[in-house]
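Side chains are part of it too, since the values below use all heavy atoms of this structure and drop only hydrogens, waters and symmetry mates. Atoms within a ligand are numbered from 1 in the order they appear, just like the ligands themselves. Along the sequence shown, residues are numbered consecutively beginning with 1.
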Amino acid sequence: MKRAFFSFVLLAFAASAVLGSGWKRIRVAVPDAAAAQRVSDCSLGLYSDFVTLGTTDLILGPGQEGELLRLMLPWVVVSELPDPKDWASRYGGGAEDDYRTQYLRYDQIIAQYEVWRTQNPTRVSRQQIGTSIQGRPIWAYLLHGPRPPQIRVLPTLPSTIKVILTAGVHAREWISPPVQMYIFEQLLERSKVDYEYAVLSYRTYLYVVPVQNPDGYEYTWTNNRYWRKNRRNNGNGTYGVDVNRNYAKGWGGQGSSGNTGADTYRGTAPFSEPEAVAVRDLAIAVGNARGFVDYHSYGELVLYPWGYTTASAPDSGWLHTVGLAYRNAMTASGGHTYTLGQTSTTLYVASGVSNDWLYDQFRTAAYAVELRGTDFVLPTSQILPTCEENWAGFDAWLRSIL
Ligand SMILES: [Zn+2]
């Protein structure tokens with residue numbers, strides 16, 4: 001025992017000599033489920049969006065070498081990371097606030113939706129669906145209509161569906177809100193000039209949640225660019241719950257953690273967090289949403305239920321086919337080719353995620369899309385191409401579920 005402890009100390013000493021004092025992106029080998037759960041439970045930040053069998057990237061902050069060694073897994077340093085503090089002052093955007101060319105603060109994002117609402121009062125409305133822990137409003141915007149003139153003469157009106165999109169649940173995934181803004185704007189503007197899109201917009205009630213976790217999102221600008229969770233004070237010196245491990249379906253299972261310091265901390269109970277409750281209540285109020293997409297980054301993936309178990313969902317063939325429409329249209333538009341698959345078997349089990357809950361409740365075609373790149377710090381030059389390929393994906397996906 002004494003010898004084991006002694007070698008551990010030596011290892012820790014060697015590791016701190018290798019690692020130095022700055023922030024690092026570390027890649028750990030994750031050979032099996034037991035290792036994956038240790039990674040999920042550890043107090044190092046996740047760099048990857050999901051713990052993934054094979055390898056997972058972690059964030060090593062100053063003084064965290066011991067935590068890395070306790071994982072007892074092989075690791076390599078991928079890169080040095082910039083200090084995540086005060087990102088806004090060092091990397092803050094210019095004077096313009098065009099979401100397609102630069103990342104925006106929470107208030108700027110809502111201001112852009114307000115422009116669309118003000119200019120299209122009969123087609124765009126909004127509702128506050130919740131309040132974050134720090135008191136910020138959580139908004140949902142609805143886009144619908146208009147009724148194209150020719151539809152009036154049809155003997156029976158075509159059926160309508162309801163679709164929900166969410167973005168910004170993980171605070172640091174800055175590409176997610178602009179992708180959703182682009183989809184919203186494309187459907188709005190195209191339906192004014194193109195009959196086909198007018199019909200599409202008339203047949204769709206499109207609900208979007210611009211930023212589901214505004215406290216965390218603002219915190220990534222003001223304090224820590226690498227922050228993932230909300231800003232719940234856990235009462236023991238740690239902060240934050242992973243809102244996308246807080247939904248009820250499979251809550252508490254593998255790929256989430258009871259460690260309050262972990263980046264996959266699931267919270268004290270299903271729907272303990274107002275940011276998850278807001279989307280739950282929106283989904284219940286909307287009722288029977290036909291489609292749902294939760295936008296994340298990074299990894300270029302289109303993921304469908306289940307996440308909480310490796311068993312197939314009852315409609316897994318249909319979920320795969322609908323997902324294929326999204327994925328293939330992105331490729332056909334000249335965008336990147338994303339990987340399509342069931343969350344748990346493509347990456348690793350993740351419990352308490354939003355698309356599992358939507359699918360379980362309403363048999364919704366429910367997806368999590370991991371956006372472009374190999375890093376959640378995505379250059380601003382990648383915003384527009386990521387938006388364009390996902391508009392193409394969304395367009396085909398929407399038609400496939402009408
Ligand atoms: Zn995410």
Chemist: Suppose we call two aromatic rings close when their centres sit under 6.0 Å apart. Are Phe184 and Tyr113 close by that rule?
Modeler: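 Ring centroids of Phe184 and Tyr113 are less than 6.0 Å from each other.
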Chemist: Establish, yes or no, whether a centroid distance under 6.0 Å links the rings of Tyr182 and Trp391.
Modeler: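 When the ring centroids of Tyr182 and Trp391 are compared, they turn out to be at least 6.0 Å apart.
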Chemist: Give a yes or no on whether the ring-centroid distance for Phe376 and His296 is below 6.0 angstrom.
Modeler: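 Centroid distance Phe376-His296: not below 6.0 Å, so no.
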Chemist: Can you confirm if the aromatic rings of Tyr217 and Tyr106 lie within a centre distance of less than 6.0 Å?
Modeler: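 Distance test on ring centres: not under 6.0 Å, no.
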Chemist: Apply the side chain to side chain donor-acceptor pair (under 3.5 Å) test between Arg228 and each candidate in Asp242, Asp263, Asn244, Thr264; give the one that qualifies.
Modeler: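 Of the listed residues Asp242, Asp263, Asn244, Thr264, the side chain to side chain donor-acceptor pair (under 3.5 Å) partner of Arg228 is Asp242.
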Chemist: Sort by chain and number the protein N/O/S atoms found under 2.8 Å from the Zn ion (ligand 1).
Modeler: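 You should have found Asp49 OD1, Asp49 OD2, His170 ND1, Glu173 OE1, Glu173 OE2, His296 ND1.
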Chemist: Parallel under 30°, tilted from 30 to 60°, perpendicular over 60°: which one fits the rings of Phe271 and Tyr247?
Modeler: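 Perpendicular: the ring planes of Phe271 and Tyr247 meet at over 60°.
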